[in-house]
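Working notes for the structure below.
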2 protein chains.
Amino acid sequence: MPGKRSLVRSGTTVDQMVRAIADRIVTGYLRPGERLDEGSLAARFDVSRTPVREALGHLSAMGLVERRPNRGAIVAVITQEHLASMFESMAELEAICARFSAARMTGGERRSLEIEHLASARLVQIGAEEDYEYFNTEFHTRLYRGAHNTHVYDLTVMTRSRLAPFRRAQFMLPGRLAKSWQEHDVIVTAIMRGDGMAAGKAARDHVSIVSEASAVFAAVDPVHPEFSQSARR
Amino acid sequence: MPGKRSLVRSGTTVDQMVRAIADRIVTGYLRPGERLDEGSLAARFDVSRTPVREALGHLSAMGLVERRPNRGAIVAVITQEHLASMFESMAELEAICARFSAARMTGGERRSLEIEHLASARLVQIGAEEDYEYFNTEFHTRLYRGAHNTHVYDLTVMTRSRLAPFRRAQFMLPGRLAKSWQEHDVIVTAIMRGDGMAAGKAARDHVSIVSEASAVFAAVDPVHPEFSQSARR
DNA sequence: AGAGCATAAAGTGCATGCACTTGCCTCGCC
DNA sequence: GGCGAGGCAAGTGCATGCACTTTATGCTCT
């Protein structure tokens, strides 16, 4: 019966489904190539197939799932080549954001970027990887916003979300935390003195390094072998 | 009754709907802010509301329509600011494509790019605006492909399609045809000698000029006042 | 007469049902 | 024993129906 949802969260049912499924893909709970059966998903979340179908449509448009007509949906399989192309795009997009940020950030934006960045040095010292990862995301988001270009922001965030599953392990390499901070520092310094070219180059290099650090883990593909089939009689 | 479609084209019904509606938006037949009533669209194309809904979902993900929960969908209203951000992104994306193309195009790609470009000079001479516009699209597509980066290609094509409605009139400015060709020429020359920086700059400038040429018409918003409500008793 | 409220109409959101497609499995055939 | 045709089960694609939300309309009361 419509109107009463068991796990009441927010937005329409379709939105919830999109978030729920996207989350499971991005966190790696659902693995590339894994079958996404409409019926099972519907049962799993206690909704009908209609919103699940719509959600799969959205996710397909976002590139997180692949849909073959009449043949169901699977979690998008990213080839090594496509992955590389996404990391490269990401580097370019971040370079654009940094370059624009250097030229356009307001005083407030510059201040808070620098303050937060300096504060994060503590997280590096104490080796708080979890917290640093959260800060790292914030830091990059500031760059994207600082560019003051909504479309670039959208493209960048979209690309980042697509890469999310492949970046999980980036801080597991020893010493990556401190290196990351230093790379951020170069970007911040360039932005503070309004040097767009330097900021762009620093941002591009930063992402390229992350890309290499992540590529190591891309081939491995860890996480959950199960899920997806428990509601199959 | 499912299985028999009146206007048999290709792909699933949803795909047809996406193309049909997107086409009407991109060509300006449906104007920004115009109401997209599921029932009317369904009747208009002789399908049920389900595929129409899914299509609207896709279009919403593509940014061509806006959807307010429980309040229906409208053709996306692009603010002047957002439009500017998209043109700026486009310039940056094309710059990336040109830069990469200069470094990565194969011999064959370079040759055909140059040949086609030189051939298009004729279209300029005889003032074949229609034909030149077609060639122009091809030319840019070559640049996107030449970058050899599928994700950048996707982002660029996506952005271009979103800008399409606002570029309709770009060749209506007197002398724009010849100017366009000369700008292309700078890009091609730079690519042929493998100068990525110059190619990128030339491409960025080219798009910026198109942007300005188009901005003139953005405010006007021509085309069809009717449609959308004839199936309302 | 105008503001506020009730009520109806329109339209969206989701559930359900059925036809069609696909993939698998079995059975007959060579 | 391998191979192809037929049939079966699972699953997708779309249509339809109903509940809920929003919006338009008319009515009352001040």
Side-chain angles (χ1 to χ4, degrees), chain A residues 1-21 30 33-61 65-76 227-233, chain B residues 1-21 30 33-61 65-76 227-233:
Chain A
M1 66 227 69
K4 291 293 147 208
R5 192 86 300 116
S6 49
L7 295 166
V8 184
R9 291 225 299 188
S10 69
T12 70
T13 305
V14 173
D15 282 348
Q16 294 177 33
M17 298 306 304
V18 170
R19 280 199 298 272
I21 300 172
L30 288 169
E34 191 155 355
R35 193 77 188 280
L36 293 171
D37 169 57
E38 298 177 1
S40 310
L41 287 171
R44 176 89 177 64
F45 294 105
D46 191 34
V47 296
S48 84
R49 277 179 47 227
T50 310
V52 172
R53 274 185 68 74
E54 272 193 57
L56 289 177
H58 285 214
L59 293 165
S60 160
V65 321
E66 257 169 69
R67 249 186 163 180
R68 292 99 30 107
N70 286 314
R71 305 186 55 214
I74 58 174
V75 177
F227 182 81
S228 110
Q229 267 26 13
S230 50
R232 196 179 230 169
R233 35 167 194 86
Chain B
M1 66 227 70
K4 292 292 148 212
R5 192 88 298 118
S6 48
L7 294 166
V8 185
R9 290 226 298 190
S10 70
T12 69
T13 305
V14 173
D15 282 348
Q16 294 178 33
M17 297 307 302
V18 170
R19 280 199 298 273
I21 300 173
L30 288 170
E34 192 155 354
R35 193 77 189 280
L36 293 171
D37 169 56
E38 297 178 1
S40 310
L41 287 170
R44 177 90 175 63
F45 294 105
D46 191 32
V47 297
S48 83
R49 276 178 48 225
T50 309
V52 172
R53 276 185 65 75
E54 273 193 57
L56 290 177
H58 284 215
L59 293 165
S60 160
V65 321
E66 256 169 69
R67 248 185 162 181
R68 295 98 30 107
N70 285 313
R71 306 186 52 213
I74 58 173
V75 177
F227 183 81
S228 112
Q229 268 24 15
S230 49
R232 196 179 230 170
R233 29 166 201 88

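Predicted, not measured: the structure shown is a model, and the values here were computed from it. Chain A is the first sequence line, chain B the second, and so forth, proteins listed ahead of strands; every chain is numbered from 1. Keep in mind that the numbers below use all heavy atoms, side chains included, and drop hydrogens, waters and symmetry copies.
Looking at heavy atoms from C-beta onward, A:E54 lies out of side-chain contact with A:R49 at the 4.5 angstrom threshold. Between A:I74 and A:V65 the shortest side-chain heavy-atom distance does not fall below 4.5 Å.
Comparing atom distances between the B:S48 side chain and each of C:dT16, D:dG11, D:dT16 picks out D:dT16 as nearest. Listed candidates were C:dC14, C:dG11, D:dT16. Nearest to the side chain of A:V14 is C:dC14.
An OP1 or OP2 oxygen of C:dC14 is reached within less than 4.0 angstrom by a side-chain nitrogen or oxygen of A:T13. In terms of phosphate contacts, A:R53 brings no side-chain nitrogen or oxygen within less than 4.0 Å of OP1 or OP2 of D:dT12. Within the 4.0 Å cut-off from OP1 or OP2 of C:dG23, at least one side-chain nitrogen or oxygen of A:R71 is found. For the OP1/OP2 pair of C:dC14 and a distance below 4.0 Å, the side-chain nitrogens and oxygens of A:T50 include no atom meeting the criterion.
With rounding to whole Å, A:D15 atom CG is found 14 Å from C:dT12 atom C1'. Taking atom CG on B:N70 and atom C1' on D:dC20, their separation rounds to 8 Å, with Å as the unit. For A:E54 and C:dC14, the CD to P distance is 7 Å, given to the nearest whole Å. Straight-line distance from the CE atom of A:M17 to the C1' atom of C:dA15: 14 Å, rounded to whole Å. For the pair B:F45 CZ and D:dG13 P, the computed distance is 20 Å after rounding to whole Å. One can place CZ of B:R68 at 13 Å from C1' of D:dT21, the figure rounded to the nearest angstrom. Atom CZ of A:R49 is separated from atom P of C:dC14 by 15 Å (rounded to the nearest Å). B:E38 has its CD atom 14 Å from the C1' atom of D:dA15, to the nearest Å.
In this structure, B:T50 OG1 and B:E38 CD are separated by 9.0 Å, a value rounded to the nearest 0.5 Å. Here the CZ-OG1 distance, from A:F45 to A:T13, works out to 12.0 Å after rounding to the nearest 0.5 Å.
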Pairs under 3.5 angstrom, nitrogen or oxygen only, protein versus nucleotides 5-8 of chain D, please.
none

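Of the options B:I21, B:D15, B:V14, a side-chain contact (heavy atoms from CB on, under 4.5 Å) to B:M17 is made by B:I21 and by none of the others.
The two residues A:L56 and A:A73 make their nearest non-hydrogen contact at CD1-CB, 4.3 Å. The shortest heavy-atom contact between B:R68 and B:R35 is NH2-NE, 4.4 Å.
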